[in-house]
Amino acid sequence: MDDTIVAISTSLGVGAISIVRVTGKEALKIVNKVFKGENLERVKSHTIHYGHIVYKDEEIDEVLVSIMLAPRTYTKEDVVEVNCHGGINTTNKVLEVLLLNGARLAERGEFTKRAFLNGRIDLTESEAVMDLIESKSDIERRLALKNEKGNLKNLITEYRNKITDLISHIEVNIDYPEYYDIEVMNDEKIKKTLEYLLKDINKLINESENKQIIKTGIKTIIVGRPNVGKSSILNSLLDENKAIVTDIPGTTRDIVEGEIYIDGINLNIIDTAGIRETEDKVEKIGVLKSLDLIDKADLVLVVLNSGEKLTKEDLEILDKTKNKTSIVILNKNDLDSKIDKKLLENRIIIETNTLDSNGIMPLKDKIKELFNLDMIDTLDYTYLTSARSMSLAKKTKASLENAYQGTINNVPIDMIEIDIKDAFDYLGEIIGTTYSDEILDNLFKNFCVGK
């Protein structure tokens, strides 16, 4: 981190302004070389200065330069931001001039990586920065913002402090058994503390798993035999003619995708090919895709034609989806129903039609009810949002459970302590008190350049 890095921090394209960001111990010196205006090495921190970027007597652009001096910056190093006119050529030329004067092009996420390595943020806050950039709804934004402010870090730190206190008492008992004025840590006392810790970590894991839909959305597929109205339901949900609708069975031969938001939660909806026996090679491939997607979906919408009796194909689809989170849609409820509802016992059923704008509302209401979407906005937003942190939390839980079993099975206290220390280390990996270069490379590789 001894060198000075530079990158374009705004999207390239036609716009009012672009920002070229520089950070490192030579940031002021490098920008000052090409800035015609005030001497940037003598100005106060957190000030903006008007001037021009010049190179070999050529005026490159009219700019505003923001100066932020360490340590009160994003990276805790000197940071200079050159606000130039928007446009691909102008922005790239400013970047080129700074590279020619000693800066190095930043890698993906390198600004945030420096913020972590310099102790400004922890790994959970780093992940939250990317989540904030990628957020598509208010709920996703609020979730990312809470973790970016350190809510998750504070919670994990609290757990680690409890474990530190437990380990300290154990070690005092091991090293100084002759002292009578210290609290004796027998198996029962250790077990009681572990019970509280397991309760806390279990709550965090369970709530995090339940709330993953905020970040990942609900993968939803629409299945049914041909010509029951699947594509019409997709179009009604999306409020656009995404899928072709005809009276000819087998019109949809491949998957058609779209997305909507219900109470701020994303539904990734896939309309599948009608499931039926067919000799058509192309349609057969579509049917096989449909069957495969059922296993991967979070929610399956099984569409039946209310005006027709259940067919063999309907019953096979119902059987295929019986163990999935699913809603059975009796579509075309404007027709006289010919479906024997006794065959649909123990299934969630709603009736819809796509003839009027309110015909699809019962389906949206049922999805909200099924996933408790009305409650999402009132929930605590402090939870694990990445596969990395979730995996480490589960390892923490396993170590605490091993320690707990050790107290039951009269395992020597120094052996129990090993499992407790493992739990402490796993929690440390979540927030980045311990880490490897491989972890950092993997975490920051998905960031955009300039962040």
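Note that this is a predicted model, so its numbers are computed, not measured. Along the sequence shown, the residues carry numbers beginning at 1.
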Output yes when [X] and [Y] qualify as a salt bridge under the 4.0 Å nitrogen-oxygen rule, no when they do not.
X: Asp3; Y: Arg114; value: yes
X: Glu26; Y: Arg104; value: no
X: Asp200; Y: Lys203; value: no
X: Arg42; Y: Glu38; value: no
X: Lys320; Y: Glu316; value: no
X: Glu96; Y: Lys93; value: yes
X: Asp441; Y: Lys113; value: yes

By ring pair (Phe, Tyr, Trp, His ring centres under 6.0 Å) - contacts of [X] (at least two apart):
X: Tyr50; result: His52
X: Phe447; result: Phe444
X: Phe116; result: Tyr435

Hey, is the main chain of [Y] close enough, under 3.5 Å, to the side chain of [X] for a donor-acceptor pair?
X: Lys324; Y: Ala297; value: yes
X: Lys445; Y: Gly109; value: no
X: Ser9; Y: Gly450; value: yes
X: Asn305; Y: Val228; value: no
X: Ser236; Y: Ser232; value: yes
X: Thr90; Y: Gly86; value: no
X: Asn83; Y: Leu64; value: yes
X: Thr10; Y: Ile19; value: yes
X: Thr91; Y: Ile88; value: no
X: Asn268; Y: Lys219; value: no

Might you point out which heavy atoms bring [X] and [Y] nearest each other, and give the distance in Å?
X: Ala103; Y: Val6; value: CB-CG1, 3.6 Å
X: Thr385; Y: Asp131; value: OG1-OD2, 3.3 Å
X: Val65; Y: Leu40; value: CG1-CD1, 4.0 Å
X: Leu98; Y: Ile30; value: O-CG2, 3.9 Å
X: Leu105; Y: Leu99; value: N-CD2, 3.4 Å
X: Ala106; Y: Ala7; value: CB-CB, 3.9 Å

Got [X] and [Y] here, is their nearest side-chain heavy-atom distance under 4.5 Å?
X: Glu77; Y: Asn118; answer: yes
X: Ile222; Y: Val303; answer: yes
X: Ile5; Y: Glu107; answer: no
X: Ile420; Y: Ile170; answer: yes
X: Ile53; Y: Val34; answer: yes
X: Asp298; Y: Thr325; answer: no
X: Leu145; Y: Glu148; answer: yes
X: Lys451; Y: Met130; answer: no

Pairs in or reaching into residues 21-47: which pass ring-ring contact (aromatic ring centres under 6.0 Å, His included), with residues at least two apart or in two chains?
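As it turns out, there is no ring-ring contact (aromatic ring centres under 6.0 Å, His included) pair with a partner in residues 21-47 once direct neighbours are skipped.
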Does anything in residues 57-91 pair up under ring-ring contact (aromatic ring centres under 6.0 Å, His included), and if so which pairs, sequence neighbours excluded?
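Of all non-adjacent pairs touching residues 57-91, none passes ring-ring contact (aromatic ring centres under 6.0 Å, His included).
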Do Arg347 and Ser326 have a side chain donor and acceptor closer than 3.5 Å?
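Indeed, the side chains of Arg347 and Ser326 share at least one donor-acceptor pair under 3.5 Å.
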Tell me yes or no: between the side chains of Asp419 and Ser399, is some donor less than 3.5 Å from an acceptor?
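Result is no, nothing qualifies.
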Could you walk me through whether Glu127 and Asn147 pass the side chain to side chain contact (heavy atoms under 4.5 Å, CB included) check?
CA-CA 8 Å; Glu127 290 171 327; Asn147 282 346; over 6 Å; no
Quick one: do Leu440 and Leu123 satisfy side chain to side chain contact (heavy atoms under 4.5 Å, CB included)? Show the steps, please.
CA-CA 9 Å; Leu440 296 189; Leu123 285 188; 3.8 Å; yes
The single option from Thr73, Thr4, Thr75 passing side chain to side chain donor-acceptor pair (under 3.5 Å) against Thr23
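Of all the options given, the one that passes is Thr75.
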From [X] [atom1] over to [Y] [atom2], what is the distance, rounded to the nearest 0.5 angstrom?
X: Thr396; Y: Ile430; atom1: OG1; atom2: CD1; result: 5.0 Å
X: Leu400; Y: Lys395; atom1: CG; atom2: NZ; result: 14.5 Å
X: Leu363; Y: Glu351; atom1: CG; atom2: CD; result: 12.5 Å
X: Leu427; Y: Arg160; atom1: CG; atom2: CZ; result: 6.5 Å
X: His49; Y: Asn32; atom1: NE2; atom2: CG; result: 10.5 Å
X: Thr352; Y: Ile233; atom1: OG1; atom2: CD1; result: 4.5 Å

Strictly by side chain to side chain donor-acceptor pair (under 3.5 Å), give each pair with a member in residues 423-432 just once, sequence neighbours left out.
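The answer is none; no pair qualifies.
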If you draw a 6.0 Å radius around OH in Tyr196, do more than 12 non-hydrogen atoms from other residues or ligands fall strictly inside?
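Not more than 12 within 6.0 Å, no.
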Tell me whether the count of non-hydrogen atoms from other residues, nucleotides or ligands lying under 6.0 Å of NZ in Lys29 goes above 12.
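Counting other residues, nucleotides and ligands, NZ of Lys29 stays at 12 neighbours or fewer.
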Run Leu69 and Leu28 through side chain to side chain contact (heavy atoms under 4.5 Å, CB included) and show every step you take.
CA-CA 9 Å; Leu69 302 180; Leu28 285 172; 3.5 Å; yes
Start with the C-alpha gap between Lys162 and Leu197, add the side-chain angles, then the distance that decides, and say whether side chain to side chain contact (heavy atoms under 4.5 Å, CB included) holds.
CA-CA 8 Å; Lys162 290 178 181 178; Leu197 286 167; 3.8 Å; yes
